[in-house]
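Right, one structure below, let's go through it.
Source: prediction; values computed, not measured. FYI, side chains are in, hydrogens and waters are out, and symmetry mates aren't considered; it's all heavy atoms of this structure. Every number for a ligand or one of its atoms is a count from 1 in the order of the listing.
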Amino acid sequence: MKLQRTLILLVTSVSVASLSVSGCINARDFEADAQTPAVNTTEQQKYNLLYVPTPQPVVDAMLQLAQVNSDDLIYDLGSGDGRIPITAAQKYGARGVGIDLNPERIQEANANLQRSGVVNNVEFRQQDLFETDLSKASVVTLYLLPEVMTKLRPKLLQELRPGTRIVSHAFDMGDWKPQQVQEVDGRTIYLWVVPENVPQNLRQ
Ligand SMILES: C[S@@+](CC[C@H](N)C(=O)[O-])C[C@H]1O[C@@H](n2cnc3c(N)ncnc32)[C@H](O)[C@@H]1O
């Protein structure tokens, strides 16, 4: 049990280190967040899921970069407290689905949704994002560890329809070059549009 806990902490530290190295979350931001009881819980340790919310000005910029509108269905993969789909519904009248494996995040997102005034536009599902059918999304938002981004790329390109916009906070997708890159409050955000014909080298 002790060994298991040590391993979990070790894996989390490695992930945090890679977040810091890539410039997504600096160590200070992460430590500040991790000390907040709402984001550093036994459930989080059980699932070994890192949670750091995207600051609201960056959420706003991500939605603008994707040119979200009322026809859109947004999937936030790893939706945390639900701020991205909730904001998309409030500001643009979009519909949204938030996916998170951590039941505490889903509970928190649903509590935020109840207060948001857009309860009919958004739903949250406790699910592994790798087991989620993405085919209905017109916009996908991401703030995930680099190793998760790498693993996710083939699924995005396989399941999303051509023209679907993908916006990521902090992490890119390797040799799939983004269409646009923006700096917002010291954070980097990326935009890709799923092409009609996906080059073979991006399928894996
Ligand atoms: C860095 S937080 C981002 C939260 C939110 N998208 C935002 O930008 O504020 C990453 C979230 O992804 C979730 N997550 C990580 N791996 C996941 C997986 N395989 N399936 C579902 N959720 C996952 C974590 O629980 C965490 O809430």
Side-chain angles (χ1 to χ4, degrees), residues 8 11-12 14-27 29-34 36-66 68 74-90 94 96-113 116 122-134 137 139-156 159 166-172 184-191:
I8 287 174
V11 172
T12 307
V14 169
S15 298
V16 172
S18 55
L19 276 169
S20 307
V21 166
S22 332
C24 151
I25 302 166
N26 63 43
D29 285 344
F30 179 76
E31 276 159 25
D33 281 339
T36 308
V39 295
N40 187 23
T41 60
T42 39
E43 286 296 325
Q44 184 173 318
Q45 288 192 4
K46 182 168 121 197
Y47 289 90
N48 188 24
L49 296 168
L50 195 64
Y51 172 55
V52 182
T54 297
Q56 192 61 42
V58 181
V59 171
D60 295 339
M62 288 169 79
L63 298 175
Q64 258 177 24
L65 186 61
V68 169
I74 297 193
Y75 274 55
D76 186 25
L77 303 182
S79 48
D81 69 0
R83 60 184 63 197
I84 294 180
I86 289 174
T87 305
Q90 287 174 327
V97 177
I99 306 291
D100 208 294
L101 202 45
N102 188 334
E104 289 189 340
R105 295 285 82 77
I106 295 294
Q107 220 175 11
E108 199 181 342
N110 276 324
N112 290 337
L113 181 60
S116 69
V122 179
E123 64 168 295
F124 294 102
R125 300 180 193 155
Q126 192 205 333
Q127 239 174 39
D128 187 337
L129 59 91
F130 287 100
E131 284 163 20
T132 300
D133 174 6
L134 306 178
V139 174
V140 171
T141 52
L142 308 166
Y143 185 23
L144 295 166
L145 290 165
E147 56 266 31
V148 181
M149 292 286 281
T150 307
K151 197 170 149 202
L152 188 59
R153 189 178 80 183
K155 177 174 167 70
L156 294 171
E159 291 182 20
I166 303 169
V167 181
S168 168
H169 171 193
F171 299 110
D172 66 15
V184 189
D185 286 359
R187 312 292 181 111
T188 307
I189 58 175
Y190 302 87
L191 170 76

* Structure fact -> For Q127, the ligand 1 atoms with a heavy-atom partner under 4.0 Å come out as 20 (N), 21 (C)
* What distance do Y190 atom OH and F171 atom CZ have between them, rounded to the nearest 0.5 Å? -> 8.5 Å
* Structure fact -> Going by the 4.0 angstrom heavy-atom rule, the piece of T141 near ligand 1 is neither
* Structure fact -> So the atoms of ligand 1 within less than 4.0 Å of a heavy atom of V52 turn out to be 1 (C), 2 (S), 3 (C)
* **L134 CG to K155 NZ distance, which is reported to the nearest 0.5 Å** => 4.5 Å
* Who's closest to atom 22 (N) of ligand 1 heavy-atom-wise, of V148, I84, L101, T132? -> L101
* D128: numbered ligand 1 atoms lying under 4.0 Å from its heavy atoms -> 18 (C), 19 (N), 20 (N)
* **Within reach of ligand 1, part of V59 (heavy-atom separation under 4.0 Å)** => neither
* Measuring from the heavy atoms of R105, does anything fall under 4.0 Å of ligand 1? -> yes
* To do: Check each heavy atom of H169 against ligand 1 and say whether those closer than 4.0 Å belong to the side chain, the backbone, both or neither.
  => neither
* To do: Enumerate the atoms of ligand 1 whose separation from the nearest heavy atom of D76 is less than 4.0 angstrom.
  => 5 (C), 6 (N)
* To do: Give the numbers and elements of all ligand 1 atoms closer than 4.0 Å to a heavy atom of L144.
  => 12 (O)
* Asked: Does any N/O atom on T54 come nearer than 3.5 Å to any N/O atom on ligand 1?
  -> yes
* Does atom CD of E159 have more than 12 heavy-atom neighbours from other groups under 6.0 Å away? -> yes
* Structure fact -> Nearest heavy atom to atom 13 (C) of ligand 1, choosing from L77, L49, D100, belongs to D100
* Asked: To the nearest 0.5 Å, how far apart are CD1 in I99 and CD in E131?
  -> 11.0 Å
* OH-CG distance between Y75 and L129, expressed to the nearest 0.5 angstrom -> 12.5 Å
* Structure fact -> For G78, the atoms of ligand 1 under 4.0 Å from one of its heavy atoms are 3 (C), 4 (C), 5 (C), 6 (N), 11 (C), 12 (O), 13 (C), 22 (N)
* To do: Would you mind listing which atoms of ligand 1 come within a distance below 4.0 Å of any non-hydrogen atom of G80?
  => 4 (C), 27 (O)
* Asked: With S79, which residues qualify under side-chain contact (heavy atoms from CB on, under 4.5 Å), at least two apart?
  -> D76, D100, F124
* Enter the distance from L50:CG to N102:CG here, rounded to the nearest 0.5 Å. => 11.0 Å
* Asked: Quick one: side-chain hydrogen bond (donor to acceptor under 3.5 Å, both in side chains) partners of N110, sequence neighbours excluded?
  -> none
* Is there a donor in the side chain of Q56 and an acceptor in the side chain of D60, or the other way round, less than 3.5 Å apart? -> yes
